[in-house]
Amino acid sequence: MAAEHGPALRDVVTTLAQVVAGHEGRPSDGAWWQDGHTRWELYRRAAGLPNAREPLLAAVAAESDLPLASAVVVMMLDKVPAGERDSWVTALDPGIRDFSRTREKELSVLDALTAEEPTGSPSAQEIAAWSDWLQLRVVAGTRDRALLELLAGCGRTKRIRREARQGADRLRRQDSP
């Protein structure tokens, strides 16, 4: 069933298109904003523009295509500072927030473990509860050899264990005289 697109969505998407400097490829019939693929492309382009964040957040709140709104929020969670993530999740309809809320929490764990001065030392049990996405992102972002060795032993997939082992080996070679 198609989602109903109201004037609020039209208005915020039109404003966002203006911020993104005139939505190129927009059909001239005036109904361009009704197409989800066209809106996704606009949202994707806006995601890279810091001055478009406020109208993009308004578009998420007005978006009638809930999976599209959720996809935009997940994309933005990785782009905005930690302090702004909650506003993106709460812009979503409460019925579809769970995945975005989980991703927000995962990004907090990732931030803590891949910071210049990492905080925390997860256990194998905690790592087992992480998603594959989080395990792979930690492997790619950490410089903590002990954490990589732990992931090499208890990572959920062969790929995670292999990449963690390779990362730990690389750090071991760098640390050797």
Side-chain angles (χ1 to χ4, degrees), residues 3 8-9 12-13 16 19 36 39-168 170-171:
L9 178 62
V12 296
V13 170
L16 182 61
V19 171
R39 290 194 315 278
W40 168 252
E41 181 58 25
L42 174 64
Y43 297 158
R44 189 191 61 72
R45 289 178 56 211
L49 303 172
N51 66 328
R53 283 189 181 156
E54 187 176 323
L56 181 56
L57 184 58
V60 166
E63 182 57 62
S64 54
D65 183 335
L66 298 182
L68 177 56
S70 181
V72 172
V73 168
V74 169
M75 174 178 58
M76 291 307 296
L77 290 177
D78 214 11
K79 295 178 182 296
V80 299
E84 292 181 26
R85 291 176 184 152
D86 182 64
S87 63
W88 287 89
V89 175
T90 57
L92 290 171
D93 181 277
I96 62 164
R97 287 182 186 160
D98 290 348
F99 181 80
S100 294
R101 186 66 70 197
T102 298
R103 182 55 54 88
E104 177 188 24
K105 290 175 185 174
E106 289 177 329
L107 283 164
S108 295
V109 170
L110 182 64
D111 291 345
L113 295 174
T114 60
E116 193 72 33
E117 295 289 327
T119 57
S121 181
S123 67
Q125 185 177 0
E126 289 171 310
I127 290 172
W130 292 353
S131 67
D132 292 358
W133 178 88
L134 179 56
Q135 289 185 14
L136 282 168
R137 294 285 299 262
V138 169
V139 166
T142 190
R143 299 208 25 86
D144 181 339
R145 194 170 84 198
L147 178 54
L148 287 169
E149 289 170 348
L150 185 57
L151 279 159
C154 70
R156 182 175 291 119
T157 67
K158 287 181 184 180
R159 177 182 174 199
I160 293 166
R161 293 187 301 272
R162 180 186 69 244
E163 290 185 20
R165 191 171 33 260
Q166 290 170 348
R170 192 171 32 259
L171 289 175

Taking the side chain as every heavy atom from C-beta outward, state whether [X] and [Y] have any pair of such atoms under 4.5 Å apart.
{"X": "Asp86", "Y": "Arg101", "result": "yes"}
{"X": "Pro118", "Y": "Thr142", "result": "no"}
{"X": "Val74", "Y": "Trp88", "result": "no"}
{"X": "Tyr43", "Y": "Leu68", "result": "yes"}

To check you understand the geometry: which heavy-atom pair defines the closest contact between [X] and [Y], and what is its length?
{"X": "Leu113", "Y": "Thr119", "result": "CD2-O, 3.6 Å"}
{"X": "Val19", "Y": "Asn51", "result": "CG1-O, 3.8 Å"}
{"X": "Leu9", "Y": "Ala59", "result": "CD1-O, 4.3 Å"}
{"X": "Arg53", "Y": "Pro81", "result": "NH1-CD, 4.0 Å"}
{"X": "Arg85", "Y": "Leu77", "result": "NE-O, 3.2 Å"}
{"X": "Leu134", "Y": "Leu110", "result": "CD1-CB, 4.0 Å"}

Between [atom1] of [X] and [atom2] of [Y], what distance do you get to the nearest 0.5 Å?
{"X": "Glu163", "Y": "Leu151", "atom1": "CD", "atom2": "CG", "answer": "11.0 Å"}
{"X": "Glu84", "Y": "Glu104", "atom1": "CD", "atom2": "CD", "answer": "12.0 Å"}
{"X": "Ser87", "Y": "Leu57", "atom1": "OG", "atom2": "CG", "answer": "5.5 Å"}
{"X": "Leu150", "Y": "Ser123", "atom1": "CG", "atom2": "OG", "answer": "8.0 Å"}
{"X": "Asp78", "Y": "Arg137", "atom1": "CG", "atom2": "CZ", "answer": "4.5 Å"}

- Message: How about CZ on Arg159, more than 12 heavy atoms from neighbouring residues, nucleotides or ligands closer than 6.0 Å, or not?
- Response: no
- Query: Do other residues, nucleotides or ligands put more than 12 heavy atoms under 6.0 Å from the CD atom of Glu54?
  - Reply: no
- Salt-bridged, Arg39 to Glu63, with N to O below 4.0 Å? yes
- Item | Trp133 six-ring centre to Arg103 NZ/CZ under 6.0 Å and within 45° of normal | yes
For [X] and [Y], indicate whether the former's side chain and the latter's backbone hold a donor-acceptor pair under 3.5 Å.
{"X": "Ser70", "Y": "Leu66", "result": "no"}
{"X": "Gln135", "Y": "Ile127", "result": "yes"}
{"X": "Arg156", "Y": "Trp130", "result": "yes"}

